[in-house]
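Letters A, B, ... mirror the listed sequences (proteins, then strands); counts begin at 1.
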Amino acid sequence: MKRFWGFVIKEFKHIFRDYRTMIILFGMPVAQILIFGFVITNDIKDAEIAVLDHSKDQTTHEIVNKLTASGYFILKDNLESEKEIEPTFQSGKIKQVIIFGNDFGKKLVSEGSADIQIIADASDPNTANLLVNYTSAIIRDYTMSLNAEKTMNATIVPEVRMLFNQSLDGAYMFIPGIIALILILVSAMMTSITIAREKEMGTMEVLLISPLRPTHIIMGKVAPYIVIAFINAITVIFMGFFVFKVPLEGSLALLLIESLLYIFMSLSLGIFISTKSNSQQVAMFISMFALMLPTVLLSGFIFPIENMPGWLQAITYIMPPRYFIDIVKNILLKGTGLAFVWKETLAILGFTVLFIALSVKNFKIRLE
Amino acid sequence: MKPVIAENISKHFKSTAALQHISFEVDKAEIFGLIGPDGAGKTTLFRILNTLLIPTEGTASVLGQDTIRDYKYIRHHVGYMPGRFSLYEDLSVEENLNFYATIFQTSIEENYSLIEKIYKQIEAFKDRKAGNLSGGMKQKLALSCALIHKPKLLFLDEPTTGVDAVSRKEFWSMLKDLKQHGITILVSTPYMDEAEQCDRVALMQSGHIMDIDKPAGIVSKFNHRLFAVYPENIYEALQLLKTSPITHTAQIFGQSIHWVPKENFSEAEILNFMHSNNLNYKVDSPNIEDCFMEMM
């Protein structure tokens with residue numbers, strides 16, 4: 001046991017003395033969550049719009065007020081003619097132009113309908129779509145309030161509720177993904193690199209010719225990263241909770257236990273990678289390509305799995321982060337317990353056993 | 001029981017043969033040198049003996065144990081210093097030593113007497129990172145680390161490569177001290193002049209052992225006349241000697257050329273040849289390098 005702790009202490013020293021490693025280990029989670037949180041956002045806030053109002057009456061005034069009061073839009077410009085529309089878009093700032101037809105208020109009263117046109121800058125289709133939807137919803141809302149006064153027209157109005165994420169907040173989607181990404185990167189990449197480093201520096205030769213058993217070496221390498229990855233998991237969960245207001249509906253204890261299991265899975269994957277690579281660079285590349293891209297692309301982190309072609313969906317089943325993201329979403333947002341995520345938990349457990357078995361089989365007590 | 005017995009060992013890496021039919025024995029408390037250029041197979045042979053590699057053919061016993069079956073016993077009782085000093089460069093001198101002591105379940109204090117002479121020379125730098133040490137100091141630290149568990153047998157793979165001349169000299173005197181403690185030392189080196197520091201040497205070339213003997217024994221087998229030639233332009237003279245019909249071998253040795261004439265030329269003919277080419281020369285005694293070149 002003394003041997004093992006001596007080894008663990010040495011590993012901690014390696015980590016704490018290398019400031020670059022420290023920055024990666026503790027800075028990466030914070031940096032990533034901030035980047036995803038503030039930069040890559042699908043939410044609309046303060047989109048700049050312009051209005052071309054041919055009637056300038058009370059109704060159009062009210063609609064524009066309603067739009068700007070929503071917080072999604074800022075009225076940047078009042079246009080005077082159709083000719084100005086194109087240059088306005090070309091200038092790049094304005095994302096949407098709203099055009100009210102002649103005698104808007106009068107027509108609405110006399111004919112029961114009036115002309116309104118929404119033109120959006122679709123060079124970014126997602127944003128354009130969102131803007132148009134938001135605008136239509138606000139205008140629909142306004143018309144209904146008019147109808148309510150008149151109590152006429154039997155219209156069917158579906159009442160939509162976005163369950164588990166009422167305001168369609170992007171943070172709800174990316175926090176689980178980031179936890180999955182950071183834990184697998186820290187655990188798998190860092191362990192595979194540190195084991196490969198011993199091989200590269202030639203110190204592995206001496207470790208092999210010593211009374212240390214392979215389990216001592218592996219567990220000694222892994223132990224510090226269990227602690228560090230766990231700290232990272234807590235950091236991300238708390239930042240999600242306090243900075244991005246992601247709720248924690250379910251049990252924190254269950255979430256932490258699941259995280260720990262996922263950390264073990266990632267570590268055993270890291271060891272497996274290290275048994276297959278003889279240099280830090282190889283270990284790094286395998287980790288990057290085998291972990292980073294699939295975690296971002298194929299785990300449902302950013303792109304929904306349901307929209308993928310069948311064969312790609314099949315591949316996602318062998319991506320461990322997929323299951324973990326499901327678990328985290330369930331616990332964080334839906335507040336479900338183990339009864340609802342036991343299948344996913346079992347899948348991660350299965351991966352852990354598989355990777356450990358492969359590592360033990362591949363760990364060499366000799367050189368090649 | 002001899003501490004090292006190698007019987008007919010061969011090792012192939014894919015199609016290349018790194019070692020071919022190597023057999024030798026090492027006596028207790030002997031400094032046994034494997035002398036040969038890079039690529040001779042010294043490191044491979046070390047790795048087979050210290051259980052890191054499995055030979056393609058042949059068997060070896062170390063400390064009376066089979067290197068394949070009883071590798072665990074051997075790993076507990078030998079010390080190994082690989083060609084590149086395996087130190088953790090981000091750990092200090094003392095931390096390195098402490099780490100190796102811990103994994104062998106001992107402590108610096110317990111075996112201090114064994115490493116005292118060596119470690120004392122670097123103890124003043126014990127808080128310095130191993131990465132900031134000079135080659136000679138790294139070598140001393142690596143040796144201390146390899147000795148900390150009081151091994152019965154020490155494998156030193158090219159311990160003097162990349163180390164200055166003074167440190168090299170000190171190093172060999174340290175090895176002689178260790179011998180007094182009853183430790184058997186197997187050391188490899190590409191430097192022929194270090195052969196004389198060993199009790200016995202094996203001359204290795206392309207995976208073969210060409211000869212095993214005491215250094216004096218190897219030199220005594222050299223049965224040619226040998227002259228040291230001191231020319232003004234050493235490269236011109238070497239060219240001249242190499243192309244001459246009376247030359248058997250000629251090679252640069254420091255500031256001179258070691259020249260071996262063919263047996264069928266008389267002293268008078270040699271004298272004549274030297275005078276006509278304006279070369280100073282004198283009779284010299286052969287060293288290990290001359291013997292090595294002769295055997296190739």
Side-chain angles (χ1 to χ4, degrees), chain A residues 1-25 190 193-224 275 278-280 360 362-368, chain B residues 11 13-14 43-44 46-55 62 67-68 71-92 94-108 129-131 138 142 145-146 148-149 151 153-155 157-158:
Chain A
M1 228 27 210
K2 204 179 149 229
R3 271 197 304 231
F4 173 69
W5 286 114
F7 198 90
V8 172
I9 290 166
K10 175 195 83 109
E11 288 307 315
F12 269 113
K13 283 178 183 162
H14 285 323
I15 296 167
F16 289 130
R17 294 213 176 145
D18 185 2
Y19 68 95
R20 278 169 300 190
T21 311
M22 289 290 281
I23 290 174
I24 293 175
L25 285 179
M190 299 312 273
I193 288 178
T194 120
I195 295 179
R197 183 167 68 177
E198 299 259 5
K199 289 187 191 176
E200 207 177 292
M201 301 296 288
T203 43
M204 190 57 113
E205 272 182 68
V206 182
L207 294 183
L208 287 176
I209 305 185
S210 78
L212 280 178
R213 283 186 214 104
T215 44
H216 283 142
I217 299 177
I218 290 178
M219 284 313 293
K221 284 279 172 198
V222 156
T275 60
N278 283 317
S279 74
Q280 298 182 66
V360 170
N362 280 294
F363 189 87
K364 292 176 191 71
I365 53 162
R366 294 189 168 87
L367 302 173
E368 303 228 277
Chain B
K11 177 73 186 176
F13 293 109
K14 287 181 184 142
T43 300
T44 306
F46 266 25
R47 286 178 172 169
I48 286 172
L49 294 178
N50 67 23
T51 75
L52 279 177
L53 287 176
I54 293 178
V62 168
T67 52
I68 299 169
Y71 72 93
K72 279 187 184 158
Y73 175 88
I74 296 173
R75 289 180 180 191
H76 275 76
H77 293 96
V78 302
Y80 175 43
M81 187 171 146
R84 293 153 61 210
F85 310 131
S86 347
L87 302 166
Y88 294 100
E89 306 222 318
D90 51 341
L91 299 188
S92 73
E94 195 179 23
E95 284 168 337
N96 266 290
L97 194 56
N98 243 327
F99 171 68
Y100 282 111
T102 315
I103 62 172
F104 280 98
Q105 281 180 317
T106 177
S107 63
I108 297 181
K129 299 263 168 73
K138 274 187 190 168
C145 292
I148 194 65
H149 59 292
L153 172 65
L154 199 53
F155 290 100
D157 193 4
E158 300 202 5

Selection from N98(B), L87(B), I54(B) maximising heavy-atom pairs under 4.5 Å formed with chain A: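 Option with the top pair count is I54(B).
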
Choice from F99(B), F13(B), Y100(B) maximising heavy atom contacts with chain A below 4.5 Å: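 Most heavy-atom pairs under 4.5 Å with chain A: F99(B).
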
What part of [X] gets closer than 4.5 Å to chain A, counting heavy atoms only: side chain, backbone, both or neither?
X	value
I74(B)	neither
I48(B)	neither
T44(B)	neither

Contacts of type salt bridge (charged side-chain N to carboxylate O under 4.0 Å, His left out), residue K199(A), not counting sequence neighbours: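 Salt bridge (charged side-chain N to carboxylate O under 4.0 Å, His left out) check on K199(A) returns nothing, list empty.
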
Those residues that, when tested against E89(B), pass side-chain contact (heavy atoms from CB on, under 4.5 Å) (two or more places apart):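 E89(B): side-chain contact (heavy atoms from CB on, under 4.5 Å) contacts with M201(A), K138(B).
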
Within-4.5 Å side-chain heavy-atom neighbours: R197(A) and Y88(B):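 In short, these two side chains do not touch, never coming nearer than 4.5 Å.
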
In Å, rounded to the nearest 0.5 Å, how long is the span from [atom1] of [X] to [atom2] of [Y]?
X	Y	atom1	atom2	result
I217(A)	I103(B)	CD1	CD1	8.0 Å
I365(A)	K72(B)	CD1	NZ	7.5 Å
R366(A)	L53(B)	CZ	CG	9.0 Å

Part of residues 11-25 of chain A lying next to chain B, heavy-atom separation under 4.5 Å: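 At a heavy-atom separation under 4.5 Å, chain B is reached by K13(A), H14(A), R17(A).
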
Per-residue contacts, residues 202-214 of chain A versus chain B, heavy atoms under 4.5 Å: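 G202(A), T203(A), E205(A), V206(A), L207(A), L208(A), I209(A), S210(A), P211(A), L212(A) fall under the 4.5 Å cut-off.
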
